[in-house]
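What follows is a set of notes on a single structure, which appears directly below.
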Amino acid sequence: MSLLAVAPSAPSPSPVVLLDYVDGPSGSPDLVLRAVSYLRVSTREQAERAGQREGFSIPAQRQANRKTAYGLGAWVLKEFVDAGESARSAARPALTEMLEWIRANRVDIVVVHKLDRLARNRADDVQITQAIADAGARLVSSTEAIDESPSGRLVHGIMASIAEFYSRNLATEVSKGLRQKAMRGGTPNRAPVGYRNVRTFDAQGREVRIVEVDEERAQIIRWAFTMYATGEWSLDRLARGMTQLGFTLASRVGKPPRALTVSSLQKMLRNPYYCGVVTYVGVEYPGTHEPLVEPALWQRVQDALTARRNTSTRDVHTHYLKGLLKCGECGSSIMYNRTRNNRGTLYFYFVCLGRHSGRTTCTLRAQQVHLIEKAVHRLIEQISLTPEERQGVEERLLAGSNAGLDEADAGRAGLQEREQELRGEQERVLRAYYVDAISTDMLKREQGRIRRELLGIAQQLTVIAQQTRHVASQITEALDQLENVDQRFNTGTEDEKRTLCRTLFDEINVQADATVSGDVLPPFAESR
């Protein structure tokens, strides 16, 4: 008796392989047992290893299953192949199709290479085995002595329990290893777009897996963070802009690079990996990879995303103060919103996002836009300089610049010392979490506090660095900006007003009485 597999001319989307018997034994085929064969590998890499469509494991399982069936006097009528499917779930396409097929057709034997090819937990094993029995077939393993005898059932139960233990223990060990890798700053999973997972070798010839920057995509990602932080770009517009620059998502196995979607872009902008933070099971660790953006820029993007998330309309409303205003009561971002009454009249408001989303107990009511605009103009009038005031201020600032540099050096040293203290706190908090001394919620709160303080220190160090470079020219340029700035603001275009506000202020706080306040950014603050 010889069996011949009829191979299709092109890869079939179905996991089923049909088998025709061209030369059977003498007598009627109905007198021979009928069998089906089930084959499975866990990962797509196993399924396509060495450039072969079926890798190495599937052909080996096929040969063993056919040999077992032949030894039992059975013909393998069909093969059902799950390539790259985990046995942790019974919802596998070929397995489901096989169970349906044996219910509709007479089958005497279902052959598997090992029980763990069929199931990796006892509940699924019982369910699948019962479904095979209900169809009038019996389960046979090519490598394990299972049958319907008491000893065969005992072996079946033991092997199924071993498979479940192996699966769960493997998952625990893998999780432990990934957490240890994250603790050391490594990337526990596949690096996000903008980076490449690279395999290399150390001096001893051992394989080392590292993460490198994909510079072609990285420069577009940096641009995207910078643009979105302005508050003037919607996600849809930004995605189109990145696509026009040639940005695509990385290719997958057997698939070309994919186009960027709005949802993918939002996940990208939310990912702290781009500012140097590795996250594993909700816990953050300082990463050893090269960050693409500064923490301060990443945080501004988070604020912009949050401010837009709960808007009542999909329209993108623009205003020169958008992204700059903060609630003076709860510190939340202020969003620019509009409503229409029953007669179709539009009303424009600035609304506290904390109150609007219910995240805080803030009581700040919506503020009419024109009142806040007038308040901002009055704020700018307070820092505007006449030509005479400008001359006196310039002389005073230049005279005191040397003393200011000494103070800046002292301030830098203090900030750097505090930065080191915070790094130590990060390590101590993580160690306390590893020994179950603190809860996950407390760990996240402490990490958030430390991150915010480190962000503030980074911003202050940036300001000091700017102050210590070209002090005299900075003073002159700053005073040029402040001379009659209120007049330039009053007559400027929307873009010119936006530029002036962002040059002078990092944020402007809105109070309940429609007044505003804000600290003038260096070096403009030194002129007051």
Pairwise distance OG1(Thr279) to OH(Tyr285) - rounded to 0.5 angstrom
9.5 Å

Would you say the ring centroid of His289 lies under 6.0 angstrom from that of Tyr273?
yes

Check: Phe350 ring centre within less than 6.0 Å of His319 ring centre:
yes

Shortest non-hydrogen pair, Gly194 vs Arg217, comes out as CA-CB, 4.2 Å

Of all heavy-atom pairs between Ala304 and Tyr228, which one has the smallest distance, and what is that distance?
CB-CE2, 3.7 Å

Who passes side-chain contact (heavy atoms from CB on, under 4.5 Å) against Asp519, sequence neighbours left out?
none

Can you name the residues that form a side-chain contact (heavy atoms from CB on, under 4.5 Å) with Arg452, not counting sequence neighbours?
Arg449

Across all chains, not counting sequence neighbours, the ring-ring contact (aromatic ring centres under 6.0 Å, His included) partners of Tyr349 are none

Any heavy-atom pair between the side chains of Leu238 and Met227 that's under 4.5 Å?
yes

Please confirm whether Lys322 makes a cation-pi placement over Tyr336, using NZ or CZ under 6.0 Å from the six-membered ring centre and within 45° of the ring normal.
no

Quick one: does Trp298's side chain have a donor or acceptor within less than 3.5 Å of a partner on Phe225's backbone?
no

Between the side chain of Asp82 and the main-chain N/O of Ala94, is any donor-acceptor distance below 3.5 Å?
yes

